[in-house]
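All values below were derived from every heavy atom in this structure, side-chain atoms included, with hydrogens, water molecules and symmetry-related copies excluded. Since the structure is predicted, the reported quantities are computational estimates derived from the model, not experimental observations.
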Number of protein chains: 2
Amino acid sequence: MSNRAARTALKIPAVARGKRMANGKARAPEGDGEIGLDGLLGHAGYAVRRFQIWIFQDFVRTLAAVDIKPTQYSVLTVIGANPGLSQMAVAQRLGIERARLVHLLDSLEDRKLVRRVRSRTDRRSHALHLSARGEASLRQFKLLAAEHERHVAEKIGKENREQLLRILSSFT
Amino acid sequence: MSNRAARTALKIPAVARGKRMANGKARAPEGDGEIGLDGLLGHAGYAVRRFQIWIFQDFVRTLAAVDIKPTQYSVLTVIGANPGLSQMAVAQRLGIERARLVHLLDSLEDRKLVRRVRSRTDRRSHALHLSARGEASLRQFKLLAAEHERHVAEKIGKENREQLLRILSSFT
DNA sequence: AACAATTGTTGTCGTCAACAACAATCTTTC
DNA sequence: GAAAGATTGTTGTTGACGACAACAATTGTT
């Protein structure tokens, strides 16, 4: 088993207890077949986490051709809807950190989708705008995002999706 | 503004357009007051992400005294409900990578909550068990996790929480 | 016995959140 | 109006995390 020296020494008493195996193929030591989740089933957090992973993967897959990830999409959308916002305003509206947004904008600016314009009223801050190319691109991104949203509806059901949006509306 | 040399040079035309400011305090260049999210509002992924962040933070806060995070809790719960499982089985049941589970178990084993017992039927694998201390601890963790779950119910509503669990049940 | 597959492990890489520190620039206060 | 404090964008560090690749030990297959 190669070297287990990395782990802090903790001798394992070889007390492997009752282990009724009934595995047909090449399965794990425990042949329960179905693995119960016990308490986890009642936890909203677990389900939400799994769902969020699925939904992000589908988003990334659907927008892979344009190489736009969820966070980038959210930034572009907010800037598009509110031109002239400062980085601070965008960051706190989306719940992103200033420091993180810097890199996101660096990337989007390199791709010439966004422009940082120095504000004259407050020369510390940048007024964020979509470039002409950015606006055109965003329109395309929104079409793909809508397609992704249809995937979600297919996955959990049209009505369930709407209900879910309603339930979580307070987290805008 | 310190050095912006790090970013790939991209000259910014100083064309800050119309900017009517009506800020009472120290606000951003754009005084819209309310920042619209536009298309984001119709995206389940955005709401789910924000909710998931909130729910994880509350979980961590509620279980801070015992220093147990969501992933650790899920691992302990599954092992507790299915003693003798292999690492492979736990990993794929929870959607965690083998490599990641190694570190998680290292930590839990160091804290003497979990034991890796070499399987006699397949000497490659480890049968995972909770220690006596692990079982006692898990009982306490479950009480705190239930408290966290009550926070969730208070946040989104009792019925909404149950509806959400039903909608996302396929993601067990 | 030779070869392929599996299990646990280590390592690397890129993403991401959370902080801390800093220069430039406001805002406030005396 | 000058000093002190706060804010904005930026850089850097840290740690959690998923995705991969590689490996030794062990199984399964032929």
Trainee: Below 4.0 angstrom from OP1 or OP2 of D/dA19, is there any side-chain N or O of A/Gln57?
Mentor: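 Looking at the OP1 and OP2 atoms of D/dA19, one of them is under 4.0 Å from a side-chain N or O of A/Gln57.
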
Trainee: Sequence neighbours left out, what passes side-chain hydrogen bond (donor to acceptor under 3.5 Å, both in side chains) with B/Gln72? Give chain and number order.
Mentor: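 Partners of B/Gln72 under the side-chain hydrogen bond (donor to acceptor under 3.5 Å, both in side chains) test: none.
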
Trainee: Starting at CG of B/Asp122 and ending at P of C/dT6, how long is that distance when rounded to a whole Å?
Mentor: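 Value for this atom pair: 12 Å.
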
Trainee: CD of B/Gln92 versus C1' of C/dG8: gap in Å, rounded?
Mentor: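 After rounding, the gap between these two atoms is 14 Å.
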
Trainee: Within 45° of the axis and under 6.0 Å from the centre of the six-membered ring of B/Phe51, does NZ or CZ of B/Lys155 qualify?
Mentor: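 The answer is no; the distance or angle limit is not met.
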
Trainee: Take atom CD1 of A/Ile96 and atom P of C/dC19, then tell me their distance rounded to the nearest Å.
Mentor: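 For the pair A/Ile96 CD1 and C/dC19 P, the rounded distance is 17 Å.
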
Trainee: Between D/dC17 and B/Thr71, is there an OP1 or OP2 to side-chain N/O distance shorter than 4.0 Å?
Mentor: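 For D/dC17, OP1/OP2 do have a side-chain N/O of B/Thr71 under 4.0 Å.
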
Trainee: Any idea which of D/dT10, D/dT8, C/dC19 is nearest the A/Glu97 side chain?
Mentor: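 Looking only at heavy atoms from C-beta outward on A/Glu97, the closest nucleotide is C/dC19.
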
Trainee: Taking only the side-chain nitrogens and oxygens of A/Arg123, find out if one of them lies under 4.0 Å from OP1 or OP2 of C/dT25.
Mentor: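 It does, given that an N or O in the side chain of A/Arg123 lies less than 4.0 Å from OP1 or OP2 of C/dT25.
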
Trainee: Could you tell me whether the phosphate oxygens of C/dA17, OP1 or OP2, come under 4.0 Å of any side-chain nitrogen or oxygen in B/Arg49?
Mentor: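 Yes, within the criterion.
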
Trainee: Measure from the side-chain heavy atoms of A/Ala99 and tell me the nearest of D/dG9, C/dA20, C/dT10.
Mentor: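 Selected nucleotide (nearest to the side chain): C/dA20.
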
Trainee: Could you check which of C/dT15, D/dT8, D/dA19 has an atom nearest any side-chain atom of A/Lys69?
Mentor: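 Given the options C/dT15, D/dT8, D/dA19, the side chain of A/Lys69 is closest to C/dT15.
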
Trainee: If I take atom CG in residue A/Asp106 and atom C1' in nucleotide D/dT11, what distance separates them, rounded to the nearest angstrom?
Mentor: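 Whole-Å distance recorded here is 11 Å.
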
Trainee: In whole Å, I'd like the distance from the NE2 atom of B/His126 to the C1' atom of D/dA24.
Mentor: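 Checked: the NE2 to C1' distance equals 13 Å.
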
Trainee: Taking only N and O in the side chain of B/Gln87, is any of them less than 4.0 Å away from OP1 or OP2 of C/dT6?
Mentor: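 For C/dT6, neither OP1 nor OP2 has a side-chain N or O of B/Gln87 closer than 4.0 Å.
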
Trainee: Any donor and acceptor pair, going by atom type alone, linking the side chain of A/Glu135 with main-chain N or O of A/Gly80 inside 3.5 Å?
Mentor: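 Not confirmed, A/Glu135 side chain does not pair with A/Gly80 backbone.
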
Trainee: In whole angstrom, what separates A/Leu104's CG from C/dT15's P?
Mentor: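 Interatomic distance, CG of A/Leu104 to P of C/dT15: 10 Å.
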
Trainee: Donor-acceptor check, side chain of A/Arg98 to backbone of A/Gln92, threshold 3.5 angstrom: yes or no?
Mentor: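 Checked: no pair found.
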
Trainee: Taking for each residue the nucleotide of DNA chain D bearing the nearest heavy atom, is the 5' side occupied by A/His103 or by B/Gly95?
Mentor: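 By nearest-heavy-atom nucleotide position, the 5'-most residue is A/His103.
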
Trainee: Does a side-chain N or O of A/Arg100 approach OP1 or OP2 of C/dC16 to a distance below 4.0 Å, or not?
Mentor: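 Checking A/Arg100 against C/dC16: at least one side-chain N or O falls below 4.0 Å of OP1 or OP2.
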
Trainee: At under 4.0 Å, does any side-chain N or O of B/Arg124 touch on OP1 or OP2 of C/dT6?
Mentor: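 B/Arg124 to C/dT6 OP1/OP2: no side-chain N or O under 4.0 Å.
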
Trainee: Please identify which of these residues, A/Leu104, A/Asp106, A/Leu105, meets the side chain to side chain contact (heavy atoms under 4.5 Å, CB included) condition with A/Val114.
Mentor: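 Going through A/Leu104, A/Asp106, A/Leu105 one by one, the side chain to side chain contact (heavy atoms under 4.5 Å, CB included) with A/Val114 is satisfied by A/Leu105 alone.
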
Trainee: Check whether any side-chain nitrogen or oxygen of B/Arg98 sits under 4.0 Å from OP1 or OP2 of D/dA21, and answer yes or no.
Mentor: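 Result: no.
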
Trainee: Is there a side-chain contact between B/Gln72 and the phosphate of D/dA16, meaning an N or O under 4.0 Å from OP1 or OP2?
Mentor: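 Answer no for this pair, as no side-chain N or O of B/Gln72 is under 4.0 Å from OP1 or OP2.
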
Trainee: Within the side chain of B/Ser131, is there an N or O that forms a donor-acceptor pair under 3.5 Å with the backbone of B/Lys112?
Mentor: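 It does hold such a pair.
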
Trainee: What integer distance in Å separates A/Ile53:CD1 from C/dT15:C1'?
Mentor: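 Computing the A/Ile53:CD1 to C/dT15:C1' distance gives 14 Å.
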
Trainee: Quickly work out the A/Arg118 CZ to C/dA23 P distance and round it to whole Å.
Mentor: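 Answer to the nearest Å: 17 Å.
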
